[in-house]
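The model shown is predicted, which means the values in this text are computed figures rather than measured ones.
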Amino acid sequence: MKVIRGAVDEMWTVVEQMVGSVFRHGLPLTDKIAARTALTNFVLHIHPVRVRRSWIRMSYTLCLGGLSFFLFIVLTVTGLYLMFYYVPSINHAYQDMRDLQFVVTFGGFIRNMHRWAAHAMVITVWLHMARVFLTGSYKKPREFNWALGTLLLLITLLLSFTGYLLPWDQLSIWAVTVGTNMAKYAPIAGPYTRYLLLGGRAVGDATLLRFYVAHVVGLPLVAFLLMVFHFWRVRKDGFSGGL
Amino acid sequence: MASDFKRFMEDSREISRRSFLAIAGWVGFTVASAIALFQSVKFLQPNATYEDPPAFKPVGDLALPSNYAVGSTTVIIDKRVVINRDADGFYAISLICTHLGCTPRYFPDVTSDLVDAGTQISKDPDTGQLATKANPILPGFKCPCHGSRYFRDADNFFGPAPRPMDRVHIELAKDGKLFIDRSIIVDHHYRLKV
């Protein structure tokens with residue numbers, strides 16, 4: 001009997017230790033516990049321990065950066081769903097897109113979510129930039145974060161452009177023909193840049209694969225890393241709103 | 001690091017072993033990075049593309065020059081080429097808009113709506129043709145992307161296109177069939193006489 005009780009006690013200690021390793025601070029019953037929790041918790045650490053109401057006033061930030069990030073998450077998740085049915089080859093791409101829209105259960109819903117969230121993200125990112133400009137939040141000491149933000153805008157537009165080719169309809173093909181012809185007009189490196197982008201002399205199978213890889217791996221990865229830096233700088237430079 | 005370089009530039013004998021290794025390390029890193037960048041770009045540049053070859057022979061009825069009437073315009077859409085036959089011979093047009101590369105489409109009438117709207121249409125420099133109120137209908141090409149328009153002989157007259165579409169090489173192969181090479185741009189006076 002004693003042996004069994006000892007074993008149970010032992011197991012219980014292990015369970016307590018396991019649970020305690022995840023929930024390290026207990027309920028935030030006092031300000032002190034709440035502050036310590038916020039300080040040592042990765043997720044909560046995104047905001048400072050103390051946040052003034054005026055810093056995150058909706059009428060000041062319009063939550064545009066947060067919305068952009070939220071849309072990025074939506075796009076990542078819905079994009080992951082789409083990848084289960086979409087094959088980036090000129091013999092399959094258009095039919096797969098049609099299947100997603102009309103055959104796959106909830107396929108049209110997921111695809112529309114992806115498409116509308118993409119349009120919305122371009123809009124919110126632009127508006128976020130406008131808001132930061134209008135409130136003067138790009139000024140010292142936040143110049144570096146403004147620079148990171150411009151790169152994130154560029155990545156957002158490139159994601160939008162690369163995604164535009166993937167349905168492989170007439171609109172996609174000629175939009176990318178036009179876009180890459182614009183790249184060709186760049187001095188010196190223009191024609192070579194176009195050749196690298198297309199993987200050939202005209203929009204074709206190689207182009208579709210290139211744009212797909214950039215759209216689902218390359219650009220999101222760069223965007224994610226830049227976002228980590230971007231949020232980190234917000235945290236370190238301090239909030240610009242309300243003094 | 002910067003101070004290492006400075007000391008090195010001032011007097012190379014003064015350099016310590018530690019500084020030398022630091023400089024050597026950074027130089028190695030920079031060179032390796034440059035090589036990696038070069039390799040990445042070269043890797044992305046295809047050496048073989050498996051695209052449709054630029055030279056081809058029209059097939060079926062379009063193979064023999066005798067099947068083309070004088071004054072006819074024939075579009076071979078999957079090759080993006082137009083074959084015109086005029087009184088003085090054949091010539092081939094690369095059907096790629098000179099604005100941003102879309103494919104213009106043939107229409108028997110590309111001028112009458114402009115004439116009706118009162119738009120001044122410049123005279124075709126090659127044929128001297130001009131659409132007027134009295135004679136408003138001329139055949140030609142319209143680009144679906146940004147509305148550039150070309151006369152039948154590929155001279156641009158409306159929209160953003162900066163220059164006429166390219167003329168490409170056309171010749172008669174030994175078997176008496178037409179042979180077109182889209183990779184060779186020819187002068188717009190070039191004609192294949194049959």
Side-chain angles (χ1 to χ4, degrees), chain A residues 87-94 157-158 161-162 164-165 167-219 221-222 225, chain B residues 34 36-56 75-82 93-105 141-150 156 159-166 168-169 180-185:
Chain A
V87 178
S89 139
I90 58 174
N91 295 324
H92 298 100
Y94 181 72
L157 297 179
L158 287 175
F161 182 62
T162 49
Y164 204 63
L165 181 66
W168 199 249
D169 53 11
Q170 287 294 311
L171 201 59
S172 314
I173 295 166
W174 297 110
V176 170
T177 300
V178 165
T180 51
N181 264 305
M182 286 176 179
K184 197 173 78 175
Y185 280 121
I188 304 164
Y192 187 65
T193 307
R194 178 176 149 88
Y195 187 68
L196 286 191
L197 282 172
L198 295 183
R201 282 163 202 85
V203 177
D205 228 340
T207 318
L208 184 57
L209 188 56
R210 268 158 204 247
F211 274 50
Y212 178 75
V213 171
H215 186 76
V216 303
V217 185
L219 292 168
L221 204 65
V222 177
L225 290 174
Chain B
L37 180 70
F38 175 77
Q39 282 179 332
S40 303
V41 172
K42 276 295 185 190
F43 179 82
L44 288 175
Q45 178 194 336
N47 293 326
T49 60
Y50 304 100
E51 290 175 311
D52 196 23
F56 71 99
V75 178
I76 304 176
I77 192 66
D78 54 339
K79 301 287 182 188
R80 298 178 82 188
V81 159
V82 177
I93 299 165
S94 166
L95 198 57
I96 295 172
C97 184
T98 52
H99 176 224
L100 288 169
C102 297
T103 309
R105 191 179 155 196
F141 302 94
K142 285 199 259 188
C143 183
C145 286
H146 305 96
S148 292
R149 297 193 194 192
Y150 302 84
N156 57 310
R163 58 188 169 81
M165 287 187 280
D166 289 329
V168 292
H169 181 75
I180 293 164
D181 190 338
R182 291 174 287 177
S183 63
I184 303 172
I185 310 290

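Considering only heavy atoms from C-beta on, A:Arg210 comes within 4.5 Å of B:Pro46 through its side chain.
Within the 4.5 angstrom heavy-atom criterion, only side-chain atoms of B:Cys145, from C-beta onward, approach chain A. With a 4.5 Å cut-off on non-hydrogen atoms, B:His146 touches chain A through its side chain but not through its backbone.
Taking CG of B:Leu44 as the start and CG of A:Leu197 as the end, the distance is 10.0 Å to the nearest 0.5 Å.
When all heavy atoms of A:Gly199 and B:Thr49 are compared, the pair lying nearest together is O-CG2, 4.0 Å.
Although no hydrogens or angles enter the test, the distance criterion places a donor-acceptor pair under 3.5 Å between the side chain of B:Glu51 and the main chain of A:Arg201.
When each of A:Asn181, A:Ile173, A:Thr177 is scored by its heavy-atom pairs under 4.5 Å with chain B, the top score falls to A:Asn181.
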Check against side-chain contact (heavy atoms from CB on, under 4.5 Å), B:Leu100 and A:Tyr185:
CA-CA 10 Å; B:Leu100 288 169; A:Tyr185 280 121; 3.7 Å; yes
